[in-house]
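For reference, the structure discussed in these notes is given below.
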Amino acid sequence: MTRLQKLILSRLALGVVTLFAVSALMFVGIELLPGDLAQQILGQSATAETLAAFRAELGLDQPPHLRYLDWLSGVVQGDFGQSLASRRDVAELLSTRLANTMFLAAYAAVIAVPIAVVLGLLAALWRNTLFDRSANIGALSAISMPEFFVAYLLILVFSIKLGWFPTLARIDSVDTLGGALHATFLPALTLILVVIAHMMRMTRAAIINVLAAPYIEMARLKGVPRWRVVLRHALPNALAPIINVIALNLAYLIVGVVVVEVVFSYPGLGQLLVDAVASRDFPVVQAVGLFFAGTYILLNVAADILSILSNPRLRHGR
Amino acid sequence: MTQFTSFAAPSRRGFLAGSAAAGLALGMGLTPARAAEPQKGGTLRVGFTQGSTSDSLDPATYSNDFMFATSYAVFSTLVEIAPDGSAKPDLAESYEATPDAATWTFRLRDDATFSDGKTVAAKDVVASIRHHMGEQSKSGVKPLLEQIADIKADGDNVVVFTLKSGNADFPFIFNDYHLTIRQDRGDGTIDPDSRIGTGGYVIEAFEPGVRIELVRRDDYWKQGAAHFDKVVILKVGDAAARMNALMTGEVDLIDRPDLKTIHMLERNPNVRIHTQDGTLHYTMPMHVNTAPFDDVNVRMALKHAIDREAIVQKVLKGYGTVGNDHPIASSMPFYNADLEQHAYDPEKARHYLGKAGLDSLDVTLHTADAALNGAVDASVLFSEAAKAAGINVGVSREPDDGYWSNVWLQKPFCTSYWGGRPTPDLMFSAGYAAGADWNDTNWQNERFNELLVAARAELDQGRRAEMYGEMQKLCQTDGGALIPAFGQYVSAMNQKVQTPEKVSEMWDLDSQRFIERWWLA
C-alpha cells in the first residue's frame with residue numbers, strides 16, 4: 001500500500017468516527033433546546049393531554065439514549081428513518097433539496113473559482129498597480145457586506161429596476177437548464193460575490209510569498225518573462241494553500257447558504273435544516289447535519305490529497 | 001368597521017328555517033352591492049409567510065396559515081362562517097337543536113361528493129370528528145370537542161351530536177380548520193394523509209414548506225364558489241422577499257407585509273393594501289392567583305399605566321385599535337359598546353396602587369416576539385409609560401423557541417396573543433373559563449362562570465346580549481388579562497385580485513377562505 005492510499009484510508013476512517021461524534025453532539029443539542037416536536041407543532045394550542053398523545057405516537061416518551069440508539073441502528077443499515085413531523089422518508093425529503101443545494105453550489109463555484117484564481121494571479125503579477133488595488137477593494141467590499149444586504153442590492157437593481165431576473169428563485173417551476181440558470185442567477189451571483197475575495201486574496205498572497213524565493217530570482221535573471229515565472233515557477237509551489245482555501249469555500253457554498261436561500265425563497269438544504277431544528281424533527285436534523293459534516297470531511301480530505309499530489313516532496317517523502 | 005346586524009344566530013323557533021334562509025340568501029347573492037360579479041379562471045399565485053417542512057395533511061396538526069388555507073381549499077367543513085358572521089351550513093344542508101340546545105342534528109347535502117366521486121356520508125363525518133377526540137388524539141381542537149358526549153350517524157345523511165350541556169353556539173365550532181371532513185376508511189377512522197377531499201380544489205403538487213399547487217375540480221358541488229382555475233401557494237418567509245415578489249409580479253397576493261416598509265408598497269399603483277379588523281388581539285395575562293396580581297387594585301393600576309394609543313401607533317404602525325381589557329372584538333356579536341374605555345392615566349394608576357396599600361410596584365413582564373412581532377417593543381413602551389405611575393415594569397426577554405411551553409401559562413406576567421374566535425362563548429370558554437386549558441390568567445370569577453354556562457344554553461338573543469355584556473365588564477374590571485390592542489390583518493395584492501364587498505374578518509384573508517371566495521379580474 002502506498003503512503004497516499006494509507007493516508008486516504010486513515011482519513012476516511014477518522015471521518016467516520018467524526019461523523020459519529022457529530023451525530024451524538026447534534027442529538028444532545030436538540031435535546032437541550034427547550035421544547036420537543038410535539039410542543040413545537042402544537043404550539044399555543046398544546047394541552048398536557050394532546051402533548052402526551054402526540055409523544056406516545058412518535059415514541060418521544062422513550063428515554064433519549066434509547067431513541068438515539070434506535071436511530072443509530074437504522075442509520076448503520078442505511079435507513080435514515082422518517083421525518084417525525086411529516087412522516088415522509090428522510091431520504092426522499094432530502095433528495096430534491098440536496099439536488100437544489102448542489103446545483104446552486106456548483107453554479108456559483110464554476111464561475112467563482114476560476115475568476116478568483118485568475119484575479120489572484122493577475123493581482124500578484126501586477127502587484128501594487130491600479131488593477132491590484134481595485135480588484136482587492138472590490139472583492140473586500142463584497143465580502144464585507146452581509147450576504148442578505150448584497151442579495152437585496154442585487155434584487156433592487158436586477159429585479160425591481162431592470163426586471164431582468166426574478167426575485168424568487170423558483171427552480172421547481174422551470175424545466176430547462178437555461179431556465180434554471182436564469183431563475184437562480186441572483187442567488188448564485190450573491191454567493192460568487194461573497195466567496196471570491198477569500199480565494200483571490202489567498203492566491204495572491206501565496207504567489208507573492210513564493211515570488212520572494214531565490215529560485216524565482218534565478219528564473220528572472222535568466223530572462224524568463226514575468227507571466228511565465230508566475231505560471232510555471234510560482235503557481236505549482238503555491239498550489240497547496242490555494243487548494244485548501246478553495247475546498248473551504250466549496251464547503252461553505254454547500255453548507256452555509258441558508259441566508260441566501262431565505263432571501264430568494266430557494267428550497268435548499270439550509271431551509272430544510274432550519275425548519276427541522278425549529279420543529280425539533282430529529283431524524284431530519286441528523287440527516288442534514290451528517291451530510292454537512294460529511295461534506296466538510298470529504299472536501300478537506302480531497303484538499304489534502306491534492307496538496308500532496310501537487311508537491312513532489314510530499315508525494316515521494318518517507 | 002363592519003356591523004353584524006344580520007347576525008343569524010339560531011332562534012328557539014327554528015334552526016331549520018334560519019339555515020334555509022341563509023342558503024336562500026346565498027343563492028341570490030348575499031351582497032347585492034358587490035363591485036363586480038366573480039369571474040372564473042386564471043391562476044392565483046400567493047406568497048405566504050408561514051409554512052414549514054414539518055407540515056403534513058393530518059388535520060390534527062395544522063398549525064399555520066399555509067395549511068389553514070390549503071385545508072379550506074381541498075377539504076370542507078360542516079359549517080362555514082359567512083362574511084356576515086353567521087354559521088352557514090356548508091357540507092351540512094341544515095342543522096337544528098333540541099330546545100335545551102344539547103342535542104344537535106346535522107343533515108348533510110345530497111349532492112356533496114369527494115374528489116374521487118363518492119358521496120359524503122354520515123359515517124365520514126363521524127370518523128372525521130372522532131379523529132380529534134379521545135385518548136389517542138393529538139389534535140389542537142380536542143379541548144373544544146370535550147363537550148361532546150356522543151356522535152351518532154343516523155342513516156347516511158344525518159349526524160346527531162349529544163352534548164354534555166346545552167350550547168347555542170355549537171355549530172360555529174365546525175368552521176374550525178381542523179374539522180375538515182375526510183373519508184371513513186371503513187373502520188370508523190380516517191386516513192390522515194389522504195388527499196381526497198370535498199373542497200373545490202385538488203392537490204396537484206405539494207412540497208411542504210415550499211409550495212402547493214391546487215387545481216379546480218370540474219365536478220365541484222358548490223355553486224358560485226372556487227373561481228380560480230389554479231392556485232399556487234409559495235412559502236416566502238422573508239418579508240422583503242415577499243414584498244419584492246409582489247412588486248415584480250411574481251406573485252399576486254401576499255400576507256403580512258412588513259408594516260415598517262408598507263408605505264413603499266402603497267406607492268406602487270399596481271398594488272392594493274387590504275385590511276381586516278378581525279378578532280386578533282394582543283394580551284398581557286397576569287396570574288390572578290400570584291402576588292402581587294392577586295390584588296384587583298394592582299391589576300387595575302397596571303391597566304391604567306399602559307399607553308395603548310402609543311402601542312397602536314408605534315408598534316402596530318396604526319394598523320390596529322386600542323383594546324379595552326376584554327377579548328371581544330367590535331366586529332363580534334354581543335360586543336359591549338357601552339363600556340368605559342380604559343386609557344393611559346398615571347394618576348388613576350397611582351390611586352389604585354394606593355388602594356392596594358402600595359407606594360410603588362415592581363413586576364417583571366416576560367416577553368418574546370413569538371407572541372407578536374413587536375411584543376418586545378410594546379413591553380418596553382409599557383415599561384416607560386408605567387414609570388410615571390410609580391410602577392417599575394422589568395422587561396425580561398425570553399427565547400422565541402419554546403415560548404408557548406416555557407413562558408406562556410408558566411410565568412405570572414407575560415405577553416401573548418389570541419387569534420379569532422367567532423363568538424364570545426368560544427372566546428371566553430377557550431381562555432377565561434374556570435378549568436379551561438388555556439386560561440392564561442388562572443381567573444376564577446364565580447359570577448362570570450355562572451353567566452358563561454347560562455348564556456351558552458340561552459337561546460333568547462336579548463338575554464344573551466345582556467349576559468355577554470356583563471361578562472365583558474367583569475373581564476375589564478376584574479379579569480387578569482391586560483389587552484392593550486386589537487391588530488388588523490394586513491395583506492397586499494395586485495389590482496387583478498378581486499375581493500367580495502364583504503369578507504369574513506375573523507382571520508386573515510377572508511378567514512383563510514379566500515381561495516374559494518375571491519377571484520381574478
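First the proteins, then the strands, lettered A, B, ... as listed; each starts at 1. Source: prediction; values computed, not measured.
Chain A forms more heavy-atom pairs under 4.5 Å with one residue of B:T53, B:V232, B:D238 than with any other, namely B:T53. Chain A forms more heavy-atom pairs under 4.5 Å with one residue of B:N244, B:D58, B:T248 than with any other, namely B:N244. Annotation: maximal heavy-atom pairing with chain A below 4.5 Å, among B:S63, B:S137, B:P143, B:P399, occurs at B:S137. Of the listed residues (B:D55, B:N64, B:V210), the one with the most heavy-atom contacts under 4.5 Å to chain A is B:V210.
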Return all side-chain donor-acceptor pairs below 3.5 angstrom for residues 286-294 of chain A, not counting sequence neighbours, or 'none' if the list is empty.
| from | atom 1 | to | atom 2 | distance (Å) |
| --- | --- | --- | --- | --- |
| A:Q286 | NE2 | A:S23 | O | 3.0 |

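Side chains of B:V74 and B:R195 form no contact here, defined as non-hydrogen atoms less than 4.5 Å apart. Side-chain contact check for B:L145 versus B:L179: some heavy-atom pair is nearer than 4.5 Å. A heavy-atom distance below 4.5 Å is found between the side chains of B:P327 and B:F428. Counting heavy atoms from C-beta on, the side chains of A:L272 and A:L269 come closer than 4.5 Å.
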Practice task
Kindly determine whether B:F172 and B:R421 satisfy side-chain contact (heavy atoms from CB on, under 4.5 Å), including the steps that lead there.
Solution key: CA-CA 9 Å; B:F172 283 91; B:R421 294 291 189 280; over 6 Å; no
Exercise for the section: Decide yes or no on side-chain contact (heavy atoms from CB on, under 4.5 Å) for A:V277 and A:I30, but give the supporting numbers first. Expected result: CA-CA 7 Å; A:V277 171; A:I30 298 172; 5.9 Å; no
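Electrostatic pairing of B:E204 and B:K230 counts as a salt bridge here, judged by a charged N lying under 4.0 Å from a carboxylate O. Remark: B:D369 engages B:R397 in a salt bridge, criterion side-chain N to carboxylate O under 4.0 Å.
Not counting sequence neighbours, the partners of B:T279 by the side-chain contact (heavy atoms from CB on, under 4.5 Å) test are B:A329, B:S331, B:M332, B:Y489, B:M506.
Outside the 6.0 Å centre-distance limit, the rings of B:Y62 and B:F68 are not counted as a close aromatic pair.
Only the side chain of B:V251 comes within contact range of chain A, judged by heavy atoms closer than 4.5 Å. With a 4.5 angstrom heavy-atom cutoff, A:S159 touches chain B via backbone and side-chain atoms both. Only the side chain of A:I155 comes within less than 4.5 Å of a heavy atom of chain B; its backbone N, CA, C and O stay farther away. Heavy atoms of B:L57 lying under 4.5 Å from chain A are absent altogether. For a residue to count as touching a neighbouring chain, one of its non-hydrogen atoms must lie under 4.5 Å from one of that chain's; by this rule A:R55 does not touch chain B. Only the side chain of B:N406 comes within less than 4.5 Å of a heavy atom in chain A; its backbone stays farther off. Heavy atoms of B:R211 lying under 4.5 Å from chain A belong exclusively to its side chain. Heavy atoms closer than 4.5 Å to chain B are found in the side chain of A:Y152, but not in its backbone. Neither the backbone nor the side chain of B:E398 comes within less than 4.5 Å of any heavy atom in chain A.
Note that CG of B:D252 and CE of B:M493 are 10.5 Å apart. Values are rounded to the nearest 0.5 Å.
In this structure, A:P283 and A:Q82 approach most closely via the heavy-atom pair CG-O, 3.4 Å.
Ring-plane geometry between B:W507 and B:Y177 is classed as tilted, the angle between the planes lying from 30 to 60 degrees on a 0 to 90 degree scale.
Tested against A:E147, the residues A:V263, A:V259, A:L193, A:V258 include a single side-chain contact (heavy atoms from CB on, under 4.5 Å) partner, A:V259.
At a heavy-atom separation below 4.5 angstrom, chain B is approached by no residue within residues 62-76 of chain A. The stretch residues 176-192 of chain A places none of its residues near chain B, where near means some heavy atom under 4.5 Å from a heavy atom of that chain.
By the 6.0 Å contact criterion, CE on A:M145 is enclosed, its count of non-hydrogen atoms from other residues, nucleotides or ligands being greater than 12.
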